[in-house]
K.L.:
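Quick one: the structure is below, questions incoming.
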Amino acid sequence: MKKITYLPMLAFLAIMGSCNNNKTADESGAAFSSSNPFFKASELPFQAPAFDKIKNGDFKPALEEGMKQQMVEIKLQIKQRLQHLKIQFWGSRKVDNYWLG
């Protein structure tokens, strides 16, 4: 019986432990430099990657940089949509107030 009550607490601790990230933005982006084959666009036909230059350590910095760029784009879109919704909401209130006197 007591194992069941410990299960949610253990799940919570496991989730919180996996979310621990002590890296700063500078540390995570430091490994992504011009020596990484993913840093610049490929010059091969169809922009195929140069597989002979790619090492296992090149993937993580490139993926982190890509996710960082995607998050900037997502935050920009959210900001624009919230601004649009704010204008629609308050604009409709102004119209209602105008007609209601």
Side-chain angles (χ1 to χ4, degrees):
M1 284 288 179
K2 290 197 176 215
K3 290 182 182 179
I4 294 173
T5 58
Y6 291 124
L7 186 62
M9 183 172 53
L10 288 174
F12 175 76
L13 290 174
I15 291 170
M16 293 306 292
S18 67
C19 293
N20 188 8
N21 187 2
N22 293 331
K23 286 186 178 179
T24 62
D26 295 333
E27 290 175 0
S28 63
F32 191 67
S33 63
S34 60
S35 64
N36 192 324
F38 295 115
F39 183 75
K40 60 181 178 174
S42 176
E43 298 172 0
L44 296 174
F46 305 110
Q47 292 190 349
F51 290 108
D52 57 337
K53 296 179 183 176
I54 298 173
K55 300 177 197 76
N56 286 338
D58 294 334
F59 289 102
K60 186 175 179 181
L63 289 172
E64 287 177 349
E65 181 66 25
M67 288 187 283
K68 188 167 61 170
Q69 291 175 4
Q70 286 289 320
M71 286 305 296
V72 168
E73 292 178 16
I74 290 170
K75 287 178 183 179
L76 179 65
Q77 290 221 349
I78 289 172
K79 185 177 176 181
Q80 290 172 346
R81 290 182 186 191
L82 286 176
Q83 183 68 24
H84 181 69
L85 287 173
K86 187 169 112 177
I87 290 170
Q88 283 184 336
F89 178 77
W90 290 111
S92 66
R93 296 292 179 227
K94 290 177 186 174
V95 170
D96 290 344
N97 290 338
Y98 176 77
W99 290 109
L100 294 175

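Values below: every heavy atom of this structure, side chains too, minus hydrogens, waters and symmetry copies.
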K.L.:
Show the numbers, then the answer: is there a side chain to side chain contact (heavy atoms under 4.5 Å, CB included) between E64 and K68?
P.N.:
CA-CA 6 Å; E64 287 177 349; K68 188 167 61 170; over 6 Å; no

K.L.:
Step through the shown structure and confirm whether more than 12 heavy atoms of other residues, nucleotides or ligands are within 6.0 Å of CG on N56.
P.N.:
no

K.L.:
Mind listing the closest non-hydrogen atom pair of D58 and P37 along with its distance?
P.N.:
OD2-CD, 3.2 Å

K.L.:
Evaluate side chain to side chain contact (heavy atoms under 4.5 Å, CB included) for I54 paired with F59, printing each intermediate quantity in order.
P.N.:
CA-CA 8 Å; I54 298 173; F59 289 102; 3.6 Å; yes

K.L.:
State, to 0.1 Å, how close S34 and F39 come at their nearest heavy-atom pair, and which atoms those are.
P.N.:
CA-CD2, 3.5 Å

K.L.:
Who else is in the cluster with L76 when I, L, V, M, F, W and Y are joined by side-chain contacts under 4.5 Å?
P.N.:
none

K.L.:
Starting at NZ of K53, measure out to OG of S42 and round the result to the nearest 0.5 Å.
P.N.:
8.5 Å

K.L.:
In chain order, what residues pass the side-chain contact (heavy atoms from CB on, under 4.5 Å) check against I74, with sequence neighbours excluded?
P.N.:
M71, I78

K.L.:
Is a donor on one side and an acceptor on the other found under 3.5 Å between the side chain of N36 and the backbone of S33?
P.N.:
no

K.L.:
Partners of Q83 by side-chain contact (heavy atoms from CB on, under 4.5 Å), sequence neighbours excluded?
P.N.:
K86, I87

K.L.:
Going by side-chain contact (heavy atoms from CB on, under 4.5 Å), name the residues that satisfy it together with F46, two or more places apart in sequence or in a different chain.
P.N.:
none

